[in-house]
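Reading through the structure tokens given below for one structure.
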Amino acid sequence: MVVRFIVSALVLIVVSWLSPGFVVRGGFIGALIAAVVIAVLGYIAESLLGDRVSPRNRGLVGFVTAAVVIYLAQFIVPNLLNVSLFGALISAFIIGLIDAFVPTVVR
């Protein structure tokens, strides 16, 4: 699990370089804290959506959920993460692409 958060923090740093409107402050520690907050919010969102999400819509719902989670995370750690709505959408897309090639969870 520690490796997963380290990889997630590195992904957030890369995304902050690539995505306009997505800024991670505080270096690696700031990215690590933001990764933990995003993971917790993602877990809560998955718990709420559960199995009621049809497999056909899971891709779009997963993308929108990731964007919402990233956007909301900035309000929990406002000094470490600054995200615009456009930045959240672009970041969710980039994170999805990175996760397709470097998955942080063994499936």
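When reading the values below, keep in mind they use all heavy atoms of this one structure, side chains included, and skip hydrogens, waters and symmetry mates. Computed from a predicted model, the values in this text were never measured in an experiment.
- Residues L18 and I70 share a single hydrophobic cluster, defined by chaining ILVMFWY side chains whose heavy atoms lie under 4.5 Å apart.
- Rounded to the nearest 0.5 Å, atoms OG (S16) and CG (N82) are 11.5 Å apart.
- Separation of atoms CD1 (I38) and CD1 (I33) is listed at 12.0 Å; rounding is to 0.5 Å.
- Here the side chain of S91 pairs a donor or acceptor atom with the backbone of G87 at under 3.5 angstrom.
- For the atom pair CG of L32 and CZ of F5, the computed distance is 8.0 Å after rounding to the nearest 0.5 Å.
- F22 places none of its side-chain heavy atoms less than 4.5 Å from the side chain of I90.
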| task | Could you please spell out the steps behind the side chain to side chain contact (heavy atoms under 4.5 Å, CB included) verdict for I76 and L41? | result | CA-CA 10 Å; I76 295 174; L41 288 175; 3.8 Å; yes
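- Taking each heavy atom of A88 and A67 in turn, the nearest pair found is CB-O, 3.5 Å.
- Connection of F75 to V23 is not established within any shared hydrophobic cluster, with ILVMFWY side chains joined at heavy-atom distances below 4.5 Å, either directly or through further cluster members.
- Heavy-atom minimum distance, F93 versus F63: N-CE1, 3.6 Å.
- Of all the heavy atoms in A35 and L12, the pair that sits closest is N-CD1, 3.5 Å.
- Taking both residues in full, the closest heavy atoms of A31 and I13 are given as CB-CG1, 3.7 Å, listed atom of the first, atom of the second, then distance.
- Side-chain atoms of L81 and V37, non-hydrogen and from C-beta on, never get closer than 4.5 Å to each other.
- By the neighbour-count criterion of 12 heavy atoms within 6.0 Å, atom OH of Y43 is sparsely surrounded, having that number or fewer from other residues, nucleotides or ligands.
- Inter-residue side-chain proximity for F28 and I6 is flagged as met; some heavy-atom pair is nearer than 4.5 Å.
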